[in-house]
Asks: 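Submitted below is the structure of interest, expressed as C-alpha cells.
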Amino acid sequence: QVQLVESGGGSVQAGGSLRLSCAASGYPFSSSCMGWFRQAPGKEREGVAAVNTGDGSTYYADLVKGRFTVLQVNAKKTVYLQMNSLKPEDTAMYYCAAEPFPCSQLATMRTDDFTDWGQGTQVTVSS
C-alpha cells in the first residue's frame, strides 16, 4: 500500500527556516519522482520542488530558488524540503507528491504528473 506521510510544518517568523519531511512506504523510492507542492487559500496548487530519486536531478520553482532545497535519504525512503529565508507569501498547505517512475521531465511541475499524494502539512510565516 502506497503511503506518503508529511511532517515538519509549523509557524515561523519571516526569515526563519523549516524542514518538511515526506516518508514514503510501498514505493520504489530509488527510481521515483518525488515532489513538493503548495496551496494557499484561494489559489491553485503550485509546484515548489521535485527530485528524480534515481539520479538526484532537481527542479525548483523560480519563487523558491536559492531558498529551498530538496534532499533525499534513500535509506529512510524520505524526501525533505529545507526551507530557508521564509517569507509570508510562503504560507500555504504543503503537499508531498510522488510518481512510481523517474520524472518524465523537470522543466516544470504539474499536478497531473503525480499519482500519489500526502495529506499535507501547514506552513505559516508571519511578518
Side-chain angles (χ1 to χ4, degrees):
Q1 181 180 357
V2 173
Q3 191 173 21
L4 301 174
V5 179
E6 301 113 326
S7 61
S11 297
V12 65
Q13 289 191 327
S17 299
L18 284 173
R19 173 177 285 197
L20 306 183
S21 301
C22 174
S25 58
Y27 232 76
F29 186 83
S30 61
S31 60
S32 300
C33 188
M34 305 287 292
W36 289 95
F37 286 78
R38 68 186 184 186
Q39 188 167 19
K43 294 189 177 181
E44 292 187 355
R45 191 169 296 190
E46 62 178 357
V48 174
V51 59
N52 197 11
T53 60
D55 62 11
S57 54
T58 56
Y59 162 89
Y60 293 98
D62 288 342
L63 289 174
V64 306
K65 279 181 181 176
R67 301 189 297 123
F68 291 11
T69 304
V70 59
L71 307 165
Q72 64 182 90
V73 178
N74 289 359
K76 294 185 177 181
K77 294 188 176 182
T78 298
V79 171
Y80 301 92
L81 184 67
Q82 178 65 44
M83 305 185 294
N84 298 329
S85 301
L86 283 162
K87 304 176 181 179
E89 51 264 43
D90 294 318
T91 295
M93 184 72 79
Y94 283 70
Y95 296 91
C96 177
E99 173 76 4
F101 305 104
C103 300
S104 58
Q105 53 85 26
L106 283 171
T108 187
M109 286 181 70
R110 302 171 301 196
T111 55
D112 289 349
D113 289 339
F114 297 85
T115 55
D116 298 292
W117 294 81
Q119 79 284 359
T121 185
Q122 178 67 37
V123 171
T124 302
V125 184
S126 57
S127 57

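Starting from 1, each residue takes its place in the sequence as its number. This structure is a prediction, so every number in the text was calculated from the model and none was measured.
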Asks: Mind checking whether T91 and R38 have side chains closer than 4.5 Å, heavy atoms only?
Replies: no
Asks: Starting at CD of Q72, measure out to SG of C22 and round the result to the nearest 0.5 Å.
Replies: 12.0 Å
Asks: Atom CD in Q13, atom OG in S126: separation rounded to 0.5 Å?
Replies: 5.0 Å
Asks: How long is the span from the CG atom in L63 to the NZ atom in K87, to the nearest 0.5 Å?
Replies: 8.0 Å
Asks: Are side-chain heavy atoms of D90 and R67 found at a separation under 4.5 Å?
Replies: yes
Asks: So, for P102 and C33, which heavy atoms are closest and what is the spacing to 0.1 Å?
Replies: C-CB, 4.1 Å
Asks: Mind listing the closest non-hydrogen atom pair of S127 and A14 along with its distance?
Replies: CA-CB, 4.3 Å
Asks: Side-chain contact, heavy-atom cut-off 4.5 Å: T111 with E44?
Replies: no
Asks: Could you list the residues that satisfy side-chain hydrogen bond (donor to acceptor under 3.5 Å, both in side chains) with S57, not counting sequence neighbours?
Replies: D55
Asks: So, taking the atom named CG in L81 and the one named OH in Y94, what distance separates them when rounded to the nearest 0.5 Å?
Replies: 7.5 Å
Asks: With a 4.5 Å cut-off on side-chain heavy atoms, are L86 and F68 touching?
Replies: yes
Asks: Apart from M93 itself, what residues make up its hydrophobic cluster when side-chain heavy atoms of I, L, V, M, F, W and Y under 4.5 Å apart count as a link, directly or indirectly?
Replies: F37, Y59, Y95, L106, M109, F114, W117
Asks: Could you tell me whether the side chain of Q119 and the main chain of V5 form a donor-acceptor pair under 3.5 Å?
Replies: no
Asks: Donor-acceptor pair, distance only, cut-off 3.5 Å: does the side chain of N74 make one with the backbone of S30?
Replies: no
Asks: If you take all heavy atoms of A49 and V70, which pair is closest and at what distance?
Replies: CB-CB, 4.3 Å
Asks: A side-chain contact here means heavy atoms from C-beta on lying under 4.5 Å apart; do F29 and T78 qualify?
Replies: no
Asks: Contact between M34 and C96 at the side-chain level, heavy atoms closer than 4.5 Å - yes or no?
Replies: yes
Asks: Which pair of non-hydrogen atoms, one from P100 and one from D116, has the smallest distance, and what is that distance?
Replies: CD-OD2, 4.3 Å
Asks: Mind checking salt bridge (charged side-chain N to carboxylate O under 4.0 Å, His left out) for K65 and listing every partner two or more places apart, or none if nothing turns up?
Replies: D62
Asks: For the residue pair S17 and Q82, what are the closest heavy atoms and their distance?
Replies: CB-NE2, 4.0 Å
Asks: Running the 4.5 Å side-chain criterion over Ile, Leu, Val, Met, Phe, Trp and Tyr, what cluster does V2 land in, apart from itself?
Replies: Y27
Asks: How far apart are the closest heavy atoms of A40 and A92, and which atoms are they?
Replies: N-CB, 3.9 Å
Asks: Apart from V73 itself, what residues make up its hydrophobic cluster when side-chain heavy atoms of I, L, V, M, F, W and Y under 4.5 Å apart count as a link, directly or indirectly?
Replies: L71, Y80
Asks: Side chains of D113 and E99: does their closest heavy-atom pair fall under 4.5 Å?
Replies: no
Asks: Within this structure, what is the OG-NZ distance for the pair S32 and K77, rounded to the nearest 0.5 Å?
Replies: 9.0 Å
Asks: What residues, two or more places apart in sequence or in another chain, satisfy side-chain hydrogen bond (donor to acceptor under 3.5 Å, both in side chains) together with T69?
Replies: none
